Amino acid sequence: MVVNKAPMGWNTWNTFGPNINEKIIMEAADAMVEKGLLDAGYEYLVIDDCWSLKQRDPVTRRLVADPVKFPNGMKAVADYIHSKGLKFGMYSCAGVRTCGDYPGSFDHEFIDAETFAEFGIDFLKYDYCYRSSSTTGPILYHRMANALRATSRDIVFSACNWGKDDVYSWIRSTGAHLYRSTGDILDNFPRVKELATSQFDKQCYNTPGCYNDMDMLTVGMFGKGHAGTEGCTINDYKIQFGLWCMLGSPLILGCDIRNIDDESLKLIKNEHLIAINQDIEGRQTFQISSKSWSCHDAAIFVRKLENGDFALGMFNFADRAATVVAMFDEVGYPANCGLKFELTDCFTGEKSICDSDSLSLYIESRGTRIYRVKPVKR
Ligand code: GLA
């Protein structure tokens, strides 16, 4: 199965942790449609850990949905999600137990894949806790990928081993469509920055069909919910969303979308940024240096886009404002190229022209500017 673009959706974990139930899922499905998230591209609704009973069915050895949390069973949940035009995702783990201490799929991969297919899932997140030492990580991901491929459904396989065991070197061979490259996100700026920067030198591994997943977004959480912690500001969320879009990470929302504020909603529906993330050419993002004495903690990324444009993302992570300078020569446009640059500001939609060999911007503390750039004849 080919997955042409980094998957987009919503997952229960960041906000609800273990406290999930049918009502929350149905309300989230309603919200995804009513708030225009499905139309913006967010199509997967994923139930994370803690959905099953603590033990398998003693006779069939199958996983069983917790009847208190899901009184009508998982098939009914799947049907509701599908009736909304959404796709349905669930969670299991390559280990003996899940990270939340529910039964994992170890040694039950094929029967679990069958169960998931019977539920009607379209996406499986597959975690890495309590891994048996009797075999290797690659074999465990091969097993579940093979089990999913043996079902009659198209199921996106979302590996989640937090970047361990040199996952970059083997995950693509297993059949996974996305792979978590980081530990768990928390809703605070230092943690978000830590996760993103850990992937700055890993962009060569993010390829069409198998995407580097930097974890679920915290945009809109403002410190509330399971992964809440100190919370972020809306400007921090602009950096976060901008980085995830520029670096081509899957966009899996984690806030309580039922009650999301207007500014966060506008941000996650930003068409310019989503278009960069979902660009069909799927080019590797590259980093250029920031030429500025005043800027000690900045990053500039470029991503070539399908129609000949490129995206230019300039990030100031520092605690003070700074001038950040991008040299077009480093993008492959020398001063003698005979071109100037039409810029569209992805946050405001404003257009401007840059007829120079560099773009120099004064960016506030923890701020970002992202442009879609069209090179045109001078
Ligand atoms: C791990 C994963 C998280 C989440 C939890 C659930 O920590 O990395 O994304 O799925 O398990 O227990």
Side-chain angles (χ1 to χ4, degrees), residues 14 163 181-203 212 214-249 251 253-255 260-268 270 272-273 276-277 285-303 311-327 330-331 343 345-348 350 352 354 358-371:
N14 278 358
S181 52
T182 61
D184 287 10
I185 202 165
L186 295 170
D187 189 31
N188 65 71
F189 186 74
R191 180 63 176 160
V192 170
K193 181 186 166 195
E194 182 190 355
L195 297 192
T197 49
S198 77
Q199 298 309 303
F200 285 0
D201 64 350
K202 304 270 183 342
Q203 288 310 302
N212 178 333
M214 301 198 297
D215 205 358
M216 301 161 289
L217 294 153
T218 66
V219 178
M221 289 181 71
F222 293 103
K224 293 200 210 89
H226 189 72
T229 65
E230 297 94 89
C232 291
T233 65
I234 188 73
N235 275 353
D236 295 342
Y237 289 142
K238 284 184 181 167
I239 291 200
Q240 182 185 149
F241 195 69
L243 281 168
W244 263 237
C245 286
M246 281 299 302
L247 298 182
S249 175
L251 300 175
L253 307 168
C255 71
I260 189 169
D261 63 289
D262 291 346
E263 266 193 294
S264 300
L265 184 62
K266 189 173 160 214
L267 176 60
I268 59 178
N270 183 308
H272 297 297
L273 294 175
I276 292 169
N277 178 271
T285 298
F286 62 103
Q287 194 170 1
I288 61 172
S289 57
S290 171
K291 297 274 187 271
S292 167
W293 60 267
S294 70
C295 197
H296 304 292
D297 196 7
I300 306 179
F301 290 101
V302 177
R303 186 175 209 208
L312 176 66
M314 301 168 73
F315 300 87
N316 177 15
F317 299 115
D319 282 330
R320 59 192 168 90
T323 302
V324 182
V325 185
M327 305 292 298
E330 284 192 52
V331 187
L343 312 181
D345 183 320
C346 292
F347 290 106
T348 65
E350 243 168 72
S352 57
C354 177
S358 63
L359 181 67
S360 173
L361 297 176
Y362 188 68
I363 303 183
E364 69 280 3
S365 147
R366 281 153 66 156
T368 177
R369 301 284 181 280
I370 302 178
Y371 297 97

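Note that the numbering runs from 1 along the sequence shown for the chain. The structure displayed is predicted, hence computed values, not measured ones.
Summarising the geometry, atom CG belonging to Leu267 is positioned 12.5 Å from atom CG belonging to Asp262; distances are rounded to the nearest 0.5 Å. Atom CE of Met216 sits about 12.0 Å away from atom SG of Cys255, to the nearest 0.5 Å. We find the CE-CD1 distance between Met314 and Ile288 to be 7.5 Å, quoted to the nearest 0.5 Å. Note that SG of Cys232 is 14.0 Å distant from NZ of Lys238, once rounded to the nearest 0.5 Å. Atom CG of Asn270 is separated from atom SG of Cys245 by 7.5 Å, given to the nearest 0.5 angstrom. In this structure, CG in Asn235 is found 10.0 Å from CZ in Phe189, a value given to the nearest 0.5 Å.
The shortest heavy-atom contact between Glu364 and Asn316 is O-ND2, 3.2 Å. Nearest heavy atoms, Gly367 versus Ile239: N-CD1, 3.7 Å. Residue Ile370 comes nearest to Thr368 through the heavy atom pair CG1-OG1, 3.7 Å, listed as atom of the first residue, atom of the second, then distance. For Ala227 against Ile185, the heavy-atom pair with the smallest separation is CB-O, 4.0 Å. In this structure, Leu312 and Ala326 approach most closely via the heavy-atom pair CD1-CB, 4.2 Å. Nearest heavy-atom pair across Ala318 and Ser365 is O-OG, 3.3 Å.
Residues Val324 and Phe315 fail the side-chain proximity criterion, which asks for heavy atoms closer than 4.5 Å. Two residues are said to be in side-chain contact when any heavy atoms from C-beta on lie closer than 4.5 Å; Leu359 and Leu343 meet this criterion. Using a 4.5 Å heavy-atom cutoff, the side chains of Ile268 and Phe241 are in contact.
Ion pairing of Arg191 with Glu194 is present here, as a side-chain N (NZ or NE/NH1/NH2) and a carboxylate O approach within less than 4.0 Å.
Without hydrogens or angle criteria, Gln203 side chain to Gln199 main chain gives a donor-acceptor distance under 3.5 Å. Between the Asp345 side chain and the Arg369 main chain, no donor and acceptor come within less than 3.5 Å of each other. Remark: the backbone N or O of Met214 is paired with a side-chain donor or acceptor of Ser249 at under 3.5 angstrom. Using modelled atom types, one side-chain atom of Arg303 and one backbone atom of Ile276 make a donor-acceptor pair closer than 3.5 Å.
Among residues two or more places apart in sequence or in another chain, the side-chain hydrogen bond (donor to acceptor under 3.5 Å, both in side chains) test is passed with Ser358 by none. With sequence neighbours excluded, the residues satisfying side-chain hydrogen bond (donor to acceptor under 3.5 Å, both in side chains) with Asp215 are Arg180. The ring pair (Phe, Tyr, Trp, His ring centres under 6.0 Å) check on Phe301 picks up Phe200, with sequence neighbours excluded. For His272, the ring pair (Phe, Tyr, Trp, His ring centres under 6.0 Å) test picks out no residue, with sequence neighbours left out. Applying the side-chain hydrogen bond (donor to acceptor under 3.5 Å, both in side chains) test to Thr285 and every residue at least two apart in sequence or in another chain returns nothing. Applying the ring pair (Phe, Tyr, Trp, His ring centres under 6.0 Å) rule to Tyr237 yields the partners Phe222; only residues at least two apart in sequence or on another chain are considered.
Looking at Gln240 and Thr218, their side chains do bring a donor and an acceptor atom within 3.5 Å of each other.
When each of Ile260, Leu253, Asp187 is tested with Met221 by the rule side-chain contact (heavy atoms from CB on, under 4.5 Å), just one qualifies, namely Asp187. Only one option out of Asp319, Asp236, Asp297 pairs with Lys193 in a salt bridge (Lys or Arg N to Asp or Glu O under 4.0 Å); it is Asp297.
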